[in-house]
Amino acid sequence: MTNGHVTCGSAAVGLLGLGLIVGGCSDRASVEPGYPAELGEMAIPSSNPQTEAKVALGHQLFFDARLSVDGSRSCYSCHLNADGNGGGVPTAVGAMNRALTRHSPVIWNVGYMTRWYWDGRAGSLEDQALAAWRGGNMGVGQDGLEAKAQEIGAIVGYAEQFAVVFPQRGATPETIVQAIAAYERTLVCNDTRYDRFARGEGDALTRQEREGLDLFMGRGACAACHTPPMFTHQALLQDGIYHNVGIGIEGRSEDQVDVGRMRVTEQEMDWAAFKTPSLRNISKSAPYFHDGSVANLDDAVRYMASGGYRNRNLSPLLMDRALSEGELAAIVAFLSSLECGELEEPDLP
């Protein structure tokens with residue numbers, strides 16, 4: 001816990017009353033006091049300022065399966081500590097035991113992103129939380145949101161908190177997703193062994209890991225997309241950055257392929273393109289890619305280093321890097337230095 005934000009050591013709620021919000025005409029603030037400047041700009045909308053009480057409320061709601069239509073799923077259900085904060089199965093499982101179509105990604109540093117979901121269809125964390133709540137993940141449906149919000153707000157412990165955090169508003173679909181998003185913005189991972197090495201702690205990485213870092217930044221060209229310190233370039237542009245790396249295409253007819261970003265933009269150039277995920281906590285969060293089709297990290301690194309599966313829209317950044325087995329192993333070893341911590345499970349009302 002440092003300066004009021006949650007670091008990778010814990011997701012407990014800390015002292016957030018440090019002026020985290022800078023008021024002004026923009027809905028996006030610049031680097032906020034209390035957040036690590038080395039990670040860049042934290043996307044906190046002025047319409048949903050951080051407060052300690054709001055984050056505490058959102059922390060509970062994130063873990064509360066009573067938000068789902070059948071009481072079976074919480075936000076945390078798709079981002080378990082046991083699975084490195086991502087999904088432990090290839091594609092997510094939603095309420096009513098419904099199989100979904102994409103893998104649950106790691107959500108450390110999710111507040112620094114500019115678009116959400118694999119295809120970037122959500123423009124804010126609030127939009128993402130709402131879509132997951134009413135959609136397949138939690139199954140409430142658009143027509144069920146108000147009733148579910150009233151149900152949550154009627155729980156004595158929650159009623160007291162909503163009265164403090166959202167006076168005159170209480171528990172509504174909007175205030176619930178605002179609280180969840182506020183909590184998610186505290187999930188900051190910036191104290192991994194790599195981060196300590198980058199700050200000058202030379203023995204934080206082993207010799208093999210340092211070799212892997214050199215390859216990652218150099219001949220392997222991994223950093224072209226997985227750019228430090230976020231280990232994704234997804235946050236560099238307001239609309240995000242998306243690539244077709246050939247996953248989910250081999251052996252399928254085109255009408256069976258998940259078209260990814262193209263579904264949002266309707267642009268042919270986005271066919272089967274997906275966001276570049278952060279590599280933080282990657283060694284703990286198998287399986288990999290948007291469809292969870294690669295079971296282990298060795299195979300995921302080998303696939304990317306070989307240039308991916310050739311198709312009509314393959315990213316030009318993908319090519320065979322001609323790395324040896326030892327070099328591939330060094331990159332995998334380096335990636336273990338990006339391990340974050342665990343989310344802290346709160347007591348629920």
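Keep in mind that what you see is a predicted model, and the values were worked out from it rather than measured.
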In terms of side-chain geometry, is the basic nitrogen of [X] or [Y] positioned less than 4.0 Å from the acidic oxygen of its partner?
X      : Y      : value
Asp203 : Arg196 : no
Glu325 : Arg302 : yes
Arg219 : Asp214 : no
Arg280 : Asp195 : yes
Arg312 : Glu254 : yes

Check: Mind checking what makes side chain to side chain contact (heavy atoms under 4.5 Å, CB included) contact with Val110, not counting sequence neighbours?
Finding: Ile107, Trp116, Leu125, Glu184
For the rings on [X] and [Y], is their centre-to-centre separation under 6.0 Å?
X      : Y      : answer
Tyr303 : Phe289 : yes
Tyr242 : Phe274 : no
His59  : Tyr183 : yes

Next item on the list: On the 0 to 90° scale, with breaks at 30° and 60°, tag the Tyr194-Phe231 ring pair as parallel, tilted or perpendicular.
Entry: perpendicular
Notebook entry, point to check: Taking the six-membered ring for Trp, are His290 and Trp118 parallel (under 30°), tilted (30 to 60°) or perpendicular (over 60°)?
Noted result: perpendicular
Just by modelled atom types, is the [Y] backbone N or O under 3.5 Å from a matching donor or acceptor in the [X] side chain?
X      : Y      : value
Tyr288 : Ile282 : yes
Ser315 : Asn244 : no
Thr91  : Thr101 : no
Asn85  : Trp108 : yes

Next item on the list: Output, in order, the C-alpha distance, side-chain angles, deciding distance and verdict of side chain to side chain donor-acceptor pair (under 3.5 Å) for His233 and Thr276.
Entry: CA-CA 7 Å; His233 57 193; Thr276 301; 3.2 Å; yes
Next item on the list: Look up atom CZ in Arg185 and atom CD in Gln50, then write down how far apart they are to the nearest 0.5 Å.
Entry: 6.0 Å
Notebook entry, point to check: In a check of side chain to side chain contact (heavy atoms under 4.5 Å, CB included) between Thr265 and each of Glu268, Arg261, Met269, which one passes?
Noted result: Arg261
Item checked: Candidate pair Lys54 and Asn48, rule side chain to side chain donor-acceptor pair (under 3.5 Å), full reasoning -> CA-CA 10 Å; Lys54 185 187 295 181; Asn48 188 24; 2.7 Å; yes
Next item on the list: Under the side chain to side chain donor-acceptor pair (under 3.5 Å) rule, what do Glu339 and Ser283 come out as? Steps first, then yes or no, please.
Entry: CA-CA 7 Å; Glu339 291 182 355; Ser283 61; 2.8 Å; yes
